[in-house]
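Quick notes on the structure that follows.
Since this is a predicted model, take the numbers as computed values, not measurements. We're numbering straight along the sequence, starting at 1.
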Amino acid sequence: MSLLHDLEATILSRKGADPDTSWTAKLLAKGPEKCAEKFGEEAIEAIIEAVKDNKSGLASEGADVLYHFLVMLAARDVALDDVLQVLAQRQGLSGIAEKASRPKG
């Protein structure tokens, strides 16, 4: 099992836990929209660190992005393996070809 799978399992174990004792439980209790908002905030912070060329800051914010992405997935009952399956299907395709193959709309 990978580190991301371990983190996903920890996040899932916090669903329904006491929000007073767990940041993850507190975030999940606020609903999927709040989880998505928090993911967006962390992504912006990572972008800022990348633009500043702050490698350690980007690594730290990148960890926050990954964590909050997994929380957002959990809030909508999407498994990490679902995302990894999509990536596996795209492996070997150019980004241009992959985007062209997506349904329009």
Side-chain angles (χ1 to χ4, degrees):
M1 202 172 214
S2 73
L3 178 62
L4 288 177
H5 282 100
D6 291 346
L7 181 55
E8 177 188 44
T10 299
I11 290 165
L12 292 173
S13 76
R14 299 302 197 288
K15 272 188 154 184
D18 183 359
D20 291 332
T21 61
S22 167
W23 165 252
T24 303
K26 181 181 278 191
L27 190 54
L28 287 167
K30 291 181 179 181
E33 294 82 5
K34 183 62 177 177
C35 294
E37 179 184 320
K38 188 63 180 165
F39 169 72
E41 290 171 10
E42 297 299 337
I44 290 167
E45 291 173 7
I47 291 165
I48 291 167
E49 297 304 324
V51 169
K52 292 187 327 189
D53 194 22
N54 180 352
K55 289 180 176 43
S56 65
L58 180 55
S60 178
E61 293 301 336
D64 290 347
V65 167
L66 289 173
Y67 162 77
H68 285 92
F69 179 66
L70 292 175
V71 171
M72 182 176 64
L73 291 178
R76 288 292 188 198
D77 296 318
V78 175
L80 173 60
D81 282 341
D82 296 338
V83 175
L84 295 177
Q85 182 178 3
V86 172
L87 284 174
Q89 291 168 350
R90 293 179 182 177
Q91 193 170 9
L93 291 177
S94 77
I96 294 170
E98 188 281 320
K99 286 183 185 222
S101 72
R102 292 182 190 177
K104 305 294 182 219

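Nearest heavy-atom pair across Asp81 and His5 is OD1-NE2, 2.6 Å.
Cluster note: Leu58 groups with no other residue, as no ILVMFWY side-chain heavy atom lies under 4.5 Å from it. Residues near Leu12 contribute nothing to a hydrophobic cluster around it, because no ILVMFWY side-chain heavy atom sits closer than 4.5 Å to its side chain. Residue Ile47 belongs to a hydrophobic cluster whose other members are Val51, with links defined by side-chain heavy atoms closer than 4.5 Å.
In this view, Ser22 and Arg14, Thr24, Ala25 satisfy the side-chain contact (heavy atoms from CB on, under 4.5 Å) rule, not counting sequence neighbours. Asp77 is linked by a side-chain hydrogen bond (donor to acceptor under 3.5 Å, both in side chains) to Lys15, counting only residues two or more places apart in sequence or in another chain. The side-chain hydrogen bond (donor to acceptor under 3.5 Å, both in side chains) test applied to Glu45 returns no partner, not counting sequence neighbours. Partners of Asp82 under the salt bridge (Lys or Arg N to Asp or Glu O under 4.0 Å) rule, at least two apart in sequence or in another chain, do not exist in this structure. Under the rule for a side-chain hydrogen bond (donor to acceptor under 3.5 Å, both in side chains), the partners of Ser56 that lie at least two apart in sequence or sit in another chain are Asn54. Annotation: side-chain hydrogen bond (donor to acceptor under 3.5 Å, both in side chains) contacts of Lys34 (sequence neighbours excluded): Glu37. For Phe69, the ring-ring contact (aromatic ring centres under 6.0 Å, His included) test picks out Phe39, with sequence neighbours left out. With sequence neighbours excluded, no residue satisfies salt bridge (Lys or Arg N to Asp or Glu O under 4.0 Å) with Glu61.
Applying the salt bridge (Lys or Arg N to Asp or Glu O under 4.0 Å) rule to pairs touching residues 63-76 yields Glu33-Arg76, sequence neighbours excluded.
No donor-acceptor distance shorter than 3.5 angstrom exists from the side chain of Ser60 to the backbone of Gly57, with no hydrogens or angles considered.
Dense packing is recorded around CD of Gln89, with more than 12 heavy atoms of other residues, nucleotides or ligands lying under 6.0 Å away.
Under the 4.5 Å side-chain criterion, counting only non-hydrogen atoms from C-beta, Val71 is not in contact with Lys38.
With values rounded to the nearest 0.5 angstrom, Thr21 atom OG1 is found 9.5 Å from Lys26 atom NZ. Taken from CD1 in Ile48 to CD1 in Ile44, the straight-line distance is 7.0 Å, to the nearest 0.5 Å. Ile11 CD1 to Leu70 CG: the interatomic distance, rounded to the nearest 0.5 Å, is 4.5 Å. How far OG1 of Thr10 is from OH of Tyr67: 10.0 Å, rounded to the nearest 0.5 Å.
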